[in-house]
Amino acid sequence: MTSPQHPPTAGGTTPPPGCPAHAGAVPLSGPRFQTEPAELYREMRRDHGALAPVTLAGDVPAWLALGYRELHQIYSDPVLFSRDSRHWRLWDTIPADWPLRPMVDHSFDSVLWTTGERHSQRIAMTENALEGVDSFELRRTAEEIADRLIDTFCGQGEAELISQYATLLPALTLVRACGYQDDEGPGLAHSINEFLNGTEESLKAFRHFHAATYALVDARQQAASADIASRMLAHGGYGREEIVQDLAVIIVSGQQPTADWIGNSLRLMLTDDRFAASLTGGRHSVNEAMNEVLWEDAPLQNSVARFATRDVQLGGQHIRAGDMVIMGIASAHHDPQIRTGGTSFTGGNNANFAFGHGEHRCPYPAQEIGETIARTGIEVLLDRLPDVELSIPQAALVWRPSVWMRGLTALPVRFTPAPAARSLR
């Protein structure tokens, strides 16, 4: 199959032969990713099939895998669809200030981009460091921080739960577990959010976050402690740069997705009558809401990326060697071939891609840490403020303008003013 002829892109340059930026390519940007992503993915599947041609910031071409089976195939074949971005054949055309560079650039030598035996060794170091997190201590820390955050607004009868709670809780909990200073949490959370959104401030935010991580690793090289950074250094065999990059992956992969998991689950429980009756303490309902969110509003809706190592036919499209493929997690979760008859996955079905799949799947200890923080945050909030409810119409809630992450800009609520936790002790 020959590749179609390519028209000039919006920027006035002609895409290289064989790239997916042909007529009909959909920009991965714009308000519809906020307002109606499921409908947009349905249209893309209707027009292009299981793989759709898309363009990233700066008219950079890529493919978006929309189908569940196709996504599973890509995740399961790391030889044909490599995580190593050095296979990308467009690097020579990518400017140094491209806002998505931190999410793709292989020069950031992290566990995200390694493959084969090297990846297995790096992931072993990461898992070992994460397994050293005591689950009881983690929950105690999360409860302590959750109570402290709630104390700042519980007496007011109203709050905005994204900025005042959901964003801060995982950041502050992970900061302590990794070894950063407690007061670095809010600033790190802001930086992570900025560069995940792919804004003009992405590179600046990325540099701020990495500067703090270098400082932490340097401090732990001088004096170890009972934290994740110290255990990574104690593993041996890796230098300063590798430790910094893998520690950055732990924080970035854990903070914003967990924050959105909390926010999206609370939104569901505050707007869906199926959960209203059990807001006063049903632990099972929290678990159901969290699992449903992983299917319906997964925090990570599109993931960068895999790179074809040779020409291949997939989903009715001709993928050229060196093409970038974006992992369409949200679209795959709504694939009509697995969601026949309006099937709902609110029970124990865990066959979602919210944590990835295959050799680069989020390590199980990391999943457990994120789930513990999210579940604790939701439970503590509902225990402390049992009559919490939205203070604006559900239709007025706004999703963040990110094609990668799915989360609300704000979740304003009201409740009966309650005493601070410290006054109850």
Sorted by chain and residue number, the side chain to side chain contact (heavy atoms under 4.5 Å, CB included) partners of Ala374 (sequence neighbours excluded) come out as Thr258, Trp261, Ile262, Met290

Does a salt bridge link Arg384 with Asp151, judged by any charged N lying under 4.0 Å from a carboxylate O?
yes

Worked check of side-chain hydrogen bond (donor to acceptor under 3.5 Å, both in side chains) between Glu70 and Tyr75:
CA-CA 9 Å; Glu70 287 74 19; Tyr75 273 129; over 6 Å; no

Apply side-chain contact (heavy atoms from CB on, under 4.5 Å) to the pair His48 and Leu64, showing each step before the final yes or no.
CA-CA 10 Å; His48 300 285; Leu64 178 65; over 6 Å; no

Check Glu379 with Arg139, please: is the shortest side-chain N to carboxylate O separation under 4.0 Å?
yes

Is the closest basic N to carboxylate O distance between Glu296 and Arg339 below 4.0 Å?
yes

Taking the six-membered ring for Trp, are the ring centroids of Phe81 and Phe307 within less than 6.0 Å of each other?
no

Under a plain distance cut-off of 3.5 Å, with no hydrogens placed, do Ser331 and Tyr68 share a side-chain donor-acceptor pair?
no

With distance as the sole criterion, is a donor-acceptor pair present between the side chains of Thr309 and His87 under 3.5 Å?
no

Salt bridge flag under 4.0 Å for residues Glu143 and Arg140
no

CZ of Arg306 to CG of Asp77: how many Å apart, nearest 0.5 Å?
11.0 Å

Who are the side chain to side chain contact (heavy atoms under 4.5 Å, CB included) partners of Pro412, not counting sequence neighbours?
Ser391, Ile392, Leu397, Ala410

Just grab all the salt bridge (charged side-chain N to carboxylate O under 4.0 Å, His left out) pairs involving residues 405-416, residues at least two apart or on different chains.
Asp297-Arg406, Glu389-Arg414

